[in-house]
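Structure first, commentary second.
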Amino acid sequence: MAHFDYQNGELHAEDVPLAHIAERYGTPCYVYSRAALAEAYRAFDAAFAGRDHLVCYAVKANSSLAVLNLLARLGSGFDIVSGGELARVLAAGGDPRKVVFSGVGKTAEEMRQALAAGVLCFNVESESELIRLDRVAAQVGKTAAVSLRVNPDVDAKTHPYIATGLKQDKFGVPYRDALSLYGTAAGLPRLRITGISCHIGSQITKIAPFVAALNRILALADRLQAQGIRISHFDLGGGLGIRYKNEAPPAMADYARALAARIGGRPQTLLLEPGRSLTGNAGILLARVEYLKHGKTRSFAVVDAAMNDLIRPALYDAYHEIVPVLKNRRGVRRQRYQIVGPVCESADFLGHDRMLALAEGDLLAIMSAGAYGMSMSSNYNTRPRAAEVMVDGGEPHLIRERETVSELMARERLLP
Ligand code: LLP
């Protein structure tokens, strides 16, 4: 079901007109649909219902407490990459026993925090990290459950900035070293080997790369078993793509079926770390047109949202659909616009060459902004970060207040 749709020519989030949200909370504003979020989680989880599995939502995609809390209530686990994300998961009521800790640069302090919280597993990415984790676990008198993140050297066929599973990438341990590193891990007294993990990239729209990565993991598990090292879970990471424009990502059910078929009757638990596929299409960025500027060759719609709010277009040349909140604007001509923000950079655009009928003061919705939108936002140009609202049926809830400029300056000091 579409949770952002027109009713009587006006774009709504569930049953709330976006114009009401703009009036009440201001713009720019992220707006999420609770139903969309719950639906995406349930669909993903249900797709794997046939086998022992755990969905560990990748917190980096959208780490707002209300989002994490909703997912925790639905039973989700979490994939974290920092002590900060762990703190968010705990503050949102997430279960630490369903948390996997990924990332190439875990500090000793972050390891201590995660051991104290009792996370399910550390996804370890290097030999040095194994050794550090063993030492930190000994210091705090605990044993750390570990999974090695292996780099399967699979081409995910996605944007180079978000492909992570090729051997030239910084992520994971090289596949050919994995066997001997498991041997090292087995010899470290404070580590307990539990899994094998991988993550090959993001916004992947084909099933084949996932299956290729899984095949390599299964082959590794067989070789480990032959050496007496038993693996209790496979973690396939995240990466399932969504539709921004005309992509045709696999249905969750087909993706799940292909993976389950490969795993067959093996007893291991399957862990998944979806981010974008759960939150991406559950949120939009609401912005208002400040100025229309007609140049000789191009026309610009300068809106009040910018690259600091949503950096994906500037960083990856990513496409986000941009639609008017009022569907049939009368009395204005449809024309080609560059949708840009007020930030002093030519990369500050949200969309190029969009055919729209616009007047100053109109509201626009930048679609599919629920993942890697707010979580990648910044204060560049001393712009307070946007407010966030979650709609539940006919009810809008403010889940994050807009920042104030004085908050931005609060930690700064002048020289004496
Ligand atoms: N697990 C690990 C270890 C990851 O590094 C990531 C994402 C995920 C799971 C979740 O992947 P997803 O299901 O969301 O594709 N900022 C970029 C995306 C970066 C993804 C980084 N890793 C963007 O806006 O497209």
Side-chain angles (χ1 to χ4, degrees), residues 37 40-41 43-44 47 54-63 67 71 76-82 85 89 99-106 120-125 129 147-152 156-166 169-173 195-206 209-210 213 217 234-245 247 249-250 252 255-256 259 270-283 285 307 309-320 350 366 368-378:
L37 194 61
Y41 176 82
F44 197 100
L54 177 64
V55 178
C56 294
Y57 166 67
V59 171
K60 63 171 79 71
N62 185 320
S63 53
V67 170
L71 290 168
S76 187
F78 297 93
D79 164 50
I80 59 165
V81 291
S82 69
E85 287 190 349
V89 166
V99 169
V100 294
F101 192 176
S102 301
V104 286
K106 301 174 195 80
L120 175 65
C121 184
F122 289 82
N123 289 342
V124 173
E125 303 215 16
E129 189 189 332
S147 168
L148 279 179
R149 173 167 172 186
V150 299
N151 185 328
K157 300 209 166 28
T158 182
H159 190 286
Y161 286 11
I162 53 176
T164 53
L166 281 172
D169 295 321
K170 71 175 174 181
F171 299 99
V173 302
I196 305 178
S197 51
C198 74
H199 172 78
I200 55 173
S202 197
Q203 184 55 13
I204 299 167
T205 53
K206 296 267 178 301
F210 293 111
I217 284 193
F234 302 131
D235 179 346
L236 284 182
L240 185 63
I242 62 168
R243 188 182 173 111
Y244 285 98
K245 189 183 187 184
E247 302 90 337
M252 286 171 180
Y255 158 80
L259 299 181
L270 181 59
L271 265 56
L272 299 135
E273 304 171 358
R276 187 189 320 263
S277 54
L278 300 192
T279 55
N281 276 323
L285 174 60
M307 66 188 286
D309 299 300
L310 179 66
I311 202 176
R312 302 193 70 256
L315 192 56
Y316 315 113
D317 208 12
Y319 182 95
H320 286 259
L350 297 169
I366 298 128
S368 310
Y372 305 109
M374 188 66 185
S375 65
M376 292 181 82
S377 66
S378 77

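Since this is a predicted model, take the numbers as computed values, not measurements. Whatever order the structure lists ligands and atoms in, that order sets their numbers, starting from 1.
- Here the OH-OG distance, from Tyr57 to Ser63, works out to 7.0 Å after rounding to the nearest 0.5 Å.
- Atoms of ligand 1 found under 4.0 Å from any heavy atom of Tyr316 (numbered from 1 in listed order, with element): 16 (N), 17 (C), 23 (C), 24 (O), 25 (O).
- At least one N/O-N/O distance between Gly239 and ligand 1 falls below 3.5 Å.
- A donor-acceptor pair under 3.5 Å links the side-chain atoms of Ser375 to the main chain of Lys60, judged by distance alone.
- For the salt bridge (charged side-chain N to carboxylate O under 4.0 Å, His left out) with Arg149, the qualifying choice from Glu125, Glu129, Glu273 is Glu125, the only one to do so.
- In this structure, Ala371 falls outside the shell of residues with a heavy atom less than 4.0 angstrom from ligand 1.
- Considering backbone and side-chain atoms together, Arg149 places no N or O closer than 3.5 Å to any N or O of ligand 1.
- When non-hydrogen atoms are compared, ligand 1 lies under 4.0 Å from neither the backbone nor the side chain of Phe171.
- By the 4.0 Å heavy-atom criterion, Ser277 is excluded from the residues contacting ligand 1.
- Between Gly275 and ligand 1, at least one pair of N/O atoms sits closer than 3.5 Å.
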Could you walk me through whether Phe210 and Leu236 pass the side chain to side chain contact (heavy atoms under 4.5 Å, CB included) check? CA-CA 8 Å; Phe210 293 111; Leu236 284 182; over 6 Å; no
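- Residue Pro274 approaches ligand 1 through these ligand atoms, each under 4.0 Å from one of its heavy atoms: 13 (O).
- Residue Ala61 does not touch ligand 1, judged by heavy-atom distances below 4.0 Å.
- A donor-acceptor pair under 3.5 Å is absent between the side-chain atoms of Tyr372 and the main chain of Ile311, judged by distance alone.
- The backbone N or O of Pro249 lies less than 3.5 Å from no partner atom in the side chain of Thr205, so there is not a single donor-acceptor pair.
- Between atom CG of residue Asp235 and atom OG of residue Ser102 there is a gap of 6.5 Å, rounded to the nearest 0.5 Å.
- Near Ala58, with a cut-off below 4.0 Å to any heavy atom, the atoms of ligand 1 are 8 (C), 9 (C), 10 (C).
- A cation-pi arrangement is not found for Lys106 relative to Phe122, the charged atom failing to lie both closer than 6.0 Å to the ring centre and inside a 45° cone about the ring normal.
- Using a 4.0 Å cut-off to heavy atoms of Lys60, the atoms of ligand 1 that qualify are 2 (C), 4 (C), 5 (O), 6 (C), 7 (C), 8 (C), 21 (C), 22 (N).
- Residue contacts with ligand 1: Asp79 is placed with a nitrogen or oxygen under 3.5 Å of a nitrogen or oxygen of the ligand (distance criterion only).
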Could you walk me through whether Leu272 and Tyr255 pass the side chain to side chain contact (heavy atoms under 4.5 Å, CB included) test, one step at a time? CA-CA 12 Å; Leu272 299 135; Tyr255 158 80; 3.6 Å; yes
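- Residue-ligand proximity, His199 to ligand 1, at heavy-atom distances under 4.0 Å covers atoms 1 (N), 2 (C), 3 (C), 4 (C), 5 (O), 6 (C), 7 (C), 8 (C), 9 (C), 10 (C), 11 (O), 22 (N).
- Heavy-atom proximity to Glu273, at under 4.0 Å, picks out these atoms of ligand 1: 1 (N), 2 (C), 3 (C), 8 (C), 9 (C), 10 (C), 13 (O).
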